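None of these values were measured; they are calculated from a predicted model.
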Amino acid sequence: QVQLVESGGGLVQPGGSLRLSCAASGASLDYYTIGWFRQAPGKEREGVSCINSSDDSRFYANFVKGRFTISRDDAANAVYLQMNSLQPEDTAVYYCATGTFRCTMIGGRPSVYGMEYWGKGTLVTVSS
């Protein structure tokens, strides 16, 4: 069983940056796909970014391309999401998730397909 804990959320002004972390325990992330998802108030959960373990290939939702960067540190057993140029519409609870299937893109964003384990989320609020 994999346990995931997100951190790094907070309040930031429009145009600002945050770096989210996802720390894993219970298993090595070396063999897992990791995804970042978000859920804004009153909206469905949506995929933000995903990284495969096999080849480090990375995928981004169209609405974050060029602004967000996903990375992994296998030694630390953690995955990060660097978020730049944040906008109010990026306000949401951000979740990391992991599974053994490769990243799947549906409708221009990572799918929850194959994600078996989820963290409890960290809140990102973008507001002036």
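With hydrogens and angles ignored, the 3.5 Å screen pairs a side-chain donor or acceptor of Arg72 with a backbone N or O of Leu29. Within the 3.5 Å criterion, the main-chain N or O of Ser85 finds a donor-acceptor partner in the side chain of Gln87. The backbone N or O of Ala27 sits less than 3.5 Å from a side-chain atom of Asn77, completing a donor-acceptor pair.
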Compile the donor-acceptor pairs under 3.5 Å between side chains in residues 97-107 and protein atoms, sequence neighbours left out, one pair per line.
from, atom 1, to, atom 2, distance (Å)
Thr98, OG1, Thr33, O, 2.9
Thr100, OG1, Glu116, OE2, 3.2
Arg102, NH1, Ser54, OG, 2.6
Arg102, NH2, Asp55, OD2, 3.3
Thr104, OG1, Arg102, O, 3.4

I'd like a table of donor-acceptor pairs (distance under 3.5 Å, sequence neighbours excluded) in which one partner is a side-chain atom from residues 3-13, with atom names and distances.
from, atom 1, to, atom 2, distance (Å)
Gln3, OE1, Ser25, OG, 3.3
Gln3, NE2, Gln1, O, 3.4
Glu6, OE1, Lys120, N, 3.1
Glu6, OE1, Gly121, N, 2.8
Glu6, OE2, Cys96, N, 2.9
Glu6, OE2, Gly121, N, 3.2

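Each disulfide bond (SG atoms under 2.5 Å apart) pair with one or both residues in residues 57-90, not counting sequence neighbours, would appear here, but there are none. Evaluation of the ring pair (Phe, Tyr, Trp, His ring centres under 6.0 Å) test over residues 76-97, restricted to residues two or more places apart or in two chains, returns none. Counting only residues at least two apart or on different chains, the ring pair (Phe, Tyr, Trp, His ring centres under 6.0 Å) pairs with a member in residues 36-57 are Phe37-Trp118.
Note: Arg38 CZ to Glu46 CD = 4.5 Å, rounded to the nearest 0.5 Å.
Hydrophobic clustering, with ILVMFWY side chains joined whenever heavy atoms are under 4.5 angstrom apart, groups Leu20 together with Tyr32. Linking Ile, Leu, Val, Met, Phe, Trp and Tyr residues whenever their side-chain heavy atoms come within less than 4.5 Å places Leu18 and Val48 in a single cluster. Under a hydrophobic-cluster definition in which Ile, Leu, Val, Met, Phe, Trp and Tyr are linked whenever side-chain heavy atoms come within less than 4.5 Å, directly or via other members, Val126 and Met83 are assigned to the same cluster. Criterion: ILVMFWY side-chain heavy atoms under 4.5 Å apart, direct or through other members. Under it, Val2 and Ile51 are part of a common hydrophobic cluster.
Minimum interatomic distance between Val79 and Ile34 (heavy atoms only, all atoms of both residues): CG2-CG1, 3.5 Å.
Contacts of Ala61 classified as side-chain contact (heavy atoms from CB on, under 4.5 Å), with partners at least two apart in sequence or in another chain: Phe63, Val64, Arg109, Pro110.
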